[in-house]
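Okay, structure first, notes after.
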Amino acid sequence: PKRKRLLHPSFHDCMKHVVKNMRIMLVSKLLLPITIACIQYPFASSWSFQQPTKPTKSNEHNDLKQWLGSWFQNSAWAAELHESHVVSPTVQHMMKGTPLASASVAEKLSFATGPGGRLVERIMAAEQELLGEWKVRKIVEAAMGRLEPESNEFLFDVEGSHDRLCDVIDGHAVVLFSFVDCPWCLLAKRMLDAEPYTSLSRIPPEAIVKVIELEELGWEGKRLRASIALATGRTSMPACFIGGRSVGGFSDGFSDGYEPEEQHLRVCEGSPGMKELHDRDELMDLIVEAMKLQ
């Protein structure tokens, strides 16, 4: 008899395509070692921002994580991928051109809320710890671009772009920056487009929540993404701002005591992200307070 399929059908089908898709195979050069470390090593819990119990083990774990980060940062594939992001006229991200990007909305939501999505969330948390600062620098470089192939003249004004970001996030109670192809961006938009948030007031929802699809803005989308990264330290989407303060993404946020590099941009310290805030019934309170400031 055929072996019973244990994985969700959409996740299983996606994994079949991954094997056939060369771009995903290249991405797996980063994801595979991190995934193996998360699953096989007993210190995987330390990647959930818990303190290891034995200092000696902590040193070994830190050495391995540093090695993984250094290996990827210096790889020829990372350099080639970064150069493609620099010359691209729009924002680029990991899922661009993959089978998941072309999947239906229902399939994306099913993936993100299933075992595959939970695995990706764990991987992204590890990636943020290993490569967060490096990715911020690279995203800023990609936003700079080049006027000519060998030119040192760039298209990104850090201060000016930061001011434009502040104008945007101060203009609405909630501002959600999104990638069109991102399943977690779809989850965030679906949450804000449902009860109880659509019944906050008689004001049309679009006057409370502004969704910005970065791909649709061309180079300005790259500049906004770089400004978000500089101000929050986060490089993934969605990026949700409530009352001008970042609460993180859909399933991730900020640890207590986090200090962004741009001190004048407010960050919700300790925010676990939109989903957990919603589950705690705290997201509504934040939006109501933000609406009072409009």
Side-chain angles (χ1 to χ4, degrees), residues 23-24 26-35 37-38 47-49 62 64-88 90-98 101 119-146 154-156 158 161-162 165 177-179 181-185 214-215 217 219 221-241 246-255 258-262 265 267 271 273:
R23 293 183 68 183
I24 302 300
L26 290 174
V27 171
S28 70
K29 290 184 178 182
L30 169 63
L31 300 187
L32 183 59
I34 296 178
T35 304
C38 287
W47 286 15
S48 299
F49 307 105
N62 288 335
L64 177 58
K65 288 187 287 187
Q66 290 173 4
W67 179 85
L68 283 171
S70 177
W71 168 81
F72 177 73
Q73 292 174 35
N74 294 292
S75 67
W77 175 75
E80 182 180 349
L81 183 64
H82 175 60
E83 184 61 25
S84 70
H85 289 190
V86 170
V87 300
S88 172
T90 61
V91 291
Q92 297 292 312
H93 55 86
M94 185 179 71
M95 294 182 184
K96 275 291 184 187
T98 71
L119 175 61
V120 171
E121 289 174 3
R122 187 184 185 98
I123 291 170
M124 294 303 292
E127 182 195 58
Q128 177 66 25
E129 184 180 5
L130 287 171
L131 303 172
E133 294 182 2
W134 176 81
K135 286 189 67 178
V136 169
R137 293 196 302 272
K138 293 301 180 181
I139 286 173
V140 170
E141 289 176 10
M144 287 180 174
R146 297 191 185 93
F154 301 113
L155 303 175
F156 181 56
V158 174
S161 186
H162 176 79
L165 172 64
F177 295 94
S178 167
F179 291 147
D181 300 330
C182 171
W184 288 267
C185 296
L214 293 176
E215 290 102 324
L217 299 180
W219 212 283
K222 295 177 70 172
R223 289 190 282 263
L224 277 173
R225 187 189 186 190
S227 294
I228 294 168
L230 285 171
T232 68
R234 293 185 69 258
T235 59
S236 60
M237 296 294 142
C240 183
F241 291 80
S246 173
V247 299
F250 182 75
S251 57
D252 68 301
F254 306 98
S255 59
Y258 175 79
E259 295 183 0
E261 291 188 16
E262 298 286 350
L265 184 62
V267 168
S271 169

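Being a predicted model, the structure only gives us computed values, none of them experimental.
- Side-chain contact between Ser236 and Phe179 is absent, with no heavy-atom pair separated by less than 4.5 Å.
- Of the inter-residue distances, the one linking Glu127 atom CD with Arg122 atom CZ reads 15.0 Å to the nearest 0.5 angstrom.
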Original post:
Going through the checks in order, is the side chain to side chain contact (heavy atoms under 4.5 Å, CB included) test met by His85 and Lys138?
Top reply: CA-CA 9 Å; His85 289 190; Lys138 293 301 180 181; over 6 Å; no
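- Contact annotation: the side chain of Phe177 approaches that of Leu165 to within less than 4.5 Å [non-hydrogen atoms, C-beta and beyond].
- The shortest distance between side-chain heavy atoms of Glu121 and Asp252 does not fall below 4.5 Å.
- Note that NE2 of His82 and CD1 of Ile139 are 10.0 Å apart. Values are rounded to the nearest 0.5 Å.
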Subject >> Derivation of the side chain to side chain contact (heavy atoms under 4.5 Å, CB included) call for Gln92 and Leu81 >> reply: CA-CA 10 Å; Gln92 297 292 312; Leu81 183 64; over 6 Å; no
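- No donor-acceptor pair under 3.5 Å is formed between the side chain of Ser246 and the backbone N or O of Thr232.
- Taking every heavy atom of both residues into account, Ser88 and Lys222 meet most closely at O-NZ, 2.6 Å.
- Considering only heavy atoms from C-beta on, Leu214 comes within 4.5 Å of Met237 through its side chain.
- For Glu215 (side chain) and Gly221 (main-chain N/O), no donor-acceptor pair under 3.5 Å exists by modelled atom type.
- Residues Pro238 and Phe250 come closest through the heavy atom pair CG-N, 3.7 Å.
- Contact of the Ile228 side chain with the Arg234 side chain is not registered, since no non-hydrogen atoms from C-beta on lie closer than 4.5 Å.
- Listed here is the closest heavy atom pair of Val247 and Phe254: C-CE1, 3.8 Å.
- Scanning all heavy atoms of the two residues, the minimum distance from Val120 to Trp184 falls at CG1-CH2, 3.6 Å.
- Shortest non-hydrogen contact noted between Thr235 and Ala229 is CG2-CB, 4.2 Å.
- When every heavy atom of Gln73 is checked against every heavy atom of Leu131, the shortest pair comes out as NE2-CD2, 3.5 Å.
- Side-chain contact check for His93 versus Asp181: some heavy-atom pair is nearer than 4.5 Å.
- Judged by distance alone, the side chain of Trp219 and the main-chain N or O of Thr90 form no donor-acceptor pair under 3.5 Å.
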